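I'd like to ask some things about the structure below.
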Amino acid sequence: MAFSRLAACACLLLATTAHAAEEAAPGRDLAQPVDEGYTRKIREYTTEPFFLSPLVDYLPASPDVPTPQAVLGDVAGAPGKLPYAADVYRYMRLLESRSPRVKVRTIGRTEEGREMIAVAVASEPLLAAMDENRVRLGKLADPRTIAMDDAEADRLVAASFPVYYVTGTIHSPETGAPTALMELAYRLAVDESPYVRYIRDHVVTLITPVVEVDGRDRQVDVYNWHLAHPKDNWPPLVYWGHYVAHDNNRDAMGLTLNLTRNVLGEYLFQKPQVLHDLHESVPFLYDNTIGDGPYNAWLDPILTNEWQMIGWNNVSEMTRLGMPGVFTHGDFDTWSPGYLMFIAASHNGISRLYETFGNAGADTVVRRLSPDEYARTWYRQNPPLPRVSWSQRNNNNYQQTGLLVSLHYFAQNAPTFLRNFYLKSKRSIEKPRLEGPAAYVFSADEPRPGAQAELLRVLQRQGCEITRATAAFDVPMPVRKPKDKDKDKDETGAGGKKAAEKPKTETRHFPAGSYVLRMDQPYSRIADMLLDYQYWSPDDPQKHPYDDTGWTFGELFGVQVARVADAAVLAVAAERVSGEVKAPSGVEGSGPVLAVNHNADIGLVALRYRFKDASFEAAEEPFEAEGTKFARGSFLIRGVSAADAGRVAAELGLKVHALAAAPSVKTHALRAPRVALLHSWLSTQDEGWWRMALDQLKLPYDYISVQTVAATPALRARWDVIVFPPVGRTAAAIVAGMPRWGNPLPWKTTPLTPNIGRIDSTDDMRPGLGAAGVQSLRDFVAAGGLLIGVMDTAELAVSYGLTQGVALGRAEKLKAPGTIVRARVVDAASPIVYGYADSLSVYTADGPIFNLSNVAGGRGRRRPPEETERPTGRGTADDPDLPQGRPFAEPPQEPKAEPWEALPLTEEQRRNPIYVIPPAQRPRTVLRYGDEKELLVSGLLEGAGDIAKHPTVVDVPVEKGHVVLFSNNPIWRGETLGSYFLVFNAILNFDQLGAGRTLDTE
Ligand SMILES: [Zn+2]
């Protein structure tokens, strides 16, 4: 074993000095027999000879190792063949049992209990040495373990071999990767050509053939249904994973999904140098990691250079092999770190992503490309063809050729990439004295310890080390820059001396027990990415952000995070936190009444439902009891023992105060209402994040579709609250559903489709909410129910007349494509904002603009300024015009209102007030968007004036019930914990939403 490693090292040395070993040209070893039948099928299923390469236009034969045909009954990429995950695993385990070059391990389970695996393929000596190699890679990944000794790192690099991790089919309709990866594993294990042998001898290829296993099995069901009903339209894949669709590839920040946690776990365990994720949406192979700007600002430039190296090698090699349509620049920016592949980018590895061309299934079809897809551009000199007959085999050829070329290049340059791996890790540790900051500090006096603990747990899951100060400490912090207006004042006052002034600092005190996330650790980069602020300039040449532009976790979690630049913070006495961070919890005091402060920590809603039958009341005003201050909305609980409360409080990270007597404060009953979560059959992607949040909190709910609503006239008898999360479609589309021509589209569990119809089912996905559904919702609200609408479903409630006094404004210039903005509490007495201070940060994605009116059907628009400006006439601009020949009549004051308010009623409107909404039924703005200048918190914001000061959350009383409208999305990707409680407050207080309201007198 020692000998073979030595041989391997010599080889590497040769490869790098000889520069791109031409001795290993791609192509078969003539001495090795070919599997003739399999090879014939490869050629048959490939639609043009140039969609093949010398790397995949044959399959070597092996006397011992079965080909994918053993499981598929045909070759990889064959038309009509889409294996379930279990079939893919069966083949990988067959390989493992027949080849000493393959090892399979379980890396975790999905939400629905399906297995996820990782397959390692390499030469026998490499596989046998994986454990000891992992120890070496672990030292390179954490240079503190070798005292940052470069010479020792060089010795480790020379002794080590890299690991290249490939992941397939995270996006379920992108179906080709599993068969491509089955065949790739076979080739790597069996092929004796010098090219493939070289890979096998120098790098471990690690493969997770199916990332979204739950969705894969559903996709195969749908495809099999399509094969069984060849003349019919087939049902769209409405559920990919258990919760979300394409957003399963946006979870690398929040780490809420099992698939992300499992791949991250494998990444942190194996210490691979690359994570390469396979997608299928762009012809023919777009290596999108180089993509386009802006690049994520927290990446080590060494990494972005590595992207260029591997990407351009990929393009040039595949062009040399004669394959058209391979390119690496395009319309993907690398700003957001939410993509699965970014686990590597944010943890000192190399992230890569392929888009190849897929047909969403295994049919061979003619595909017509759009002009922007086939145009020759500066970066795509050999573009895809405008019209092609395309097969899944073509796709498999591209995926495998690209991967083999990448693996070979990577193997040839293994020492370079291993040294870079070390260097990136070392520079991450040196962050405090390079770019900074030195640390992020989370204060022990945080008002929301539950959210703070959750944020710290996310960072722990990311592999970050957390320490806790054992004594109080002070650090200098920069003084916040004054707002523009004030700055002008300062400059005038300073008499032009400002150039000489240094940036001012102020001392910030942190109590003992504060958490310190030191930046002198290997995974400092992910902490910095998540906790820092993002600024995307409106002038950036990139006009189409690929995803969210702002995600600052402290803001979205509603937690204070201090970015400390002064390296003295690293000397603060602190100890490493072992185990998960927990919020302080337990019961203090004694007595029959339990009080829990409302701080909008999400554990509070779980507490209410855990003691479903106990008496809970909400205080309508702040109060003080036995020396403790309680915020408005705090819970007063009776009928729960201190022991039971303490047990649950510990679990939920809550503090309970037992009081001898109830405080004298106005309260109302706080229910544990019956909740329905409403979804459309058009899409469940955005709704999935809401479902996940409720599941994680064990908040009970019924999951119903728009069709259930349409078919249930008496909704109020069954539910108190209907939550309708955003659908991602227009209001009209949600009502209409899918077109009714063609055949019914069943989403049901059957022997042919055993994996679908389990989360929810229907005989026909096409019908939408319909007029009957709209009417049912209207009746539900009128009878005392609460309907919560968010973004497009809020628009639905407004435009279909479920509310009155709310109108939708039109954005002129607004661009907030996933941006964090400031929202201000307008009515602190509303139960919806219990637990919040006067402002909070919310996530918005071009949310609707609400305007309020006191008149039903009113547009609620603000009077355009020109109407109130004076007309042409006598005097100066500020004088009134004076008609001649009679005394001047002073005009009455025009009604004025802020953008979040309705205009006051006029005399004319009150004369015959048919349309005037009675004061108790008028919309109540609870939360509004901040002023234009303060609106942006993080990300890209253009045209802020369109939405500044407009309502963010409106509570609309409708007869006995309420409709609560959200312009922001309060529950998004497990990242917005700070705004969850706006929803939970509405739910818990569904029949008391009028509390604290001051009614208009007119
Ligand atoms: Zn994709």
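Start at 1 and go down the list; that is how both ligands and their atoms are numbered. Treat the numbers as computed from the prediction; the structure is a model and nothing was measured.
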_Could you check whether any side-chain N or O of Tyr89 sits under 3.5 Å from a backbone N or O of Glu115, counting only pairs where one atom can act as donor and the other as acceptor?_
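Yes; at least one donor-acceptor contact below 3.5 Å.
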
*the Zn ion (ligand 1) - closest N/O/S atom in His171*: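 Looking only at N, O and S atoms of His171, the one nearest the Zn ion (ligand 1) is named ND1.
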
*Return the name of the atom in His279, of element N, O or S, nearest to the Zn ion (ligand 1).*
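Going by distance to the Zn ion (ligand 1), the closest N, O or S atom in His279 is ND1.
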
*Any chance you could lay out the ring-ring contact (aromatic ring centres under 6.0 Å, His included) test for Trp240 and His171, step after step, and finish with the verdict?*
CA-CA 8 Å; Trp240 300 16; His171 283 164; 5.4 Å; yes

_So that I can check it, does any N, O or S atom in Glu174 come closer than 2.8 Å to the Zn ion (ligand 1)?_
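It does: Glu174 brings an N, O or S atom closer than 2.8 Å to the Zn ion (ligand 1).
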
*Ignoring hydrogens and geometry, is there a side-chain-to-backbone donor-acceptor pair from Trp335 to Pro545 under 3.5 Å?*
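Answer holds: no.
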
*Got more than 12 heavy atoms from elsewhere within 6.0 Å of NZ, Lys815?*
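Counting other residues, nucleotides and ligands, NZ of Lys815 exceeds 12 neighbours.
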
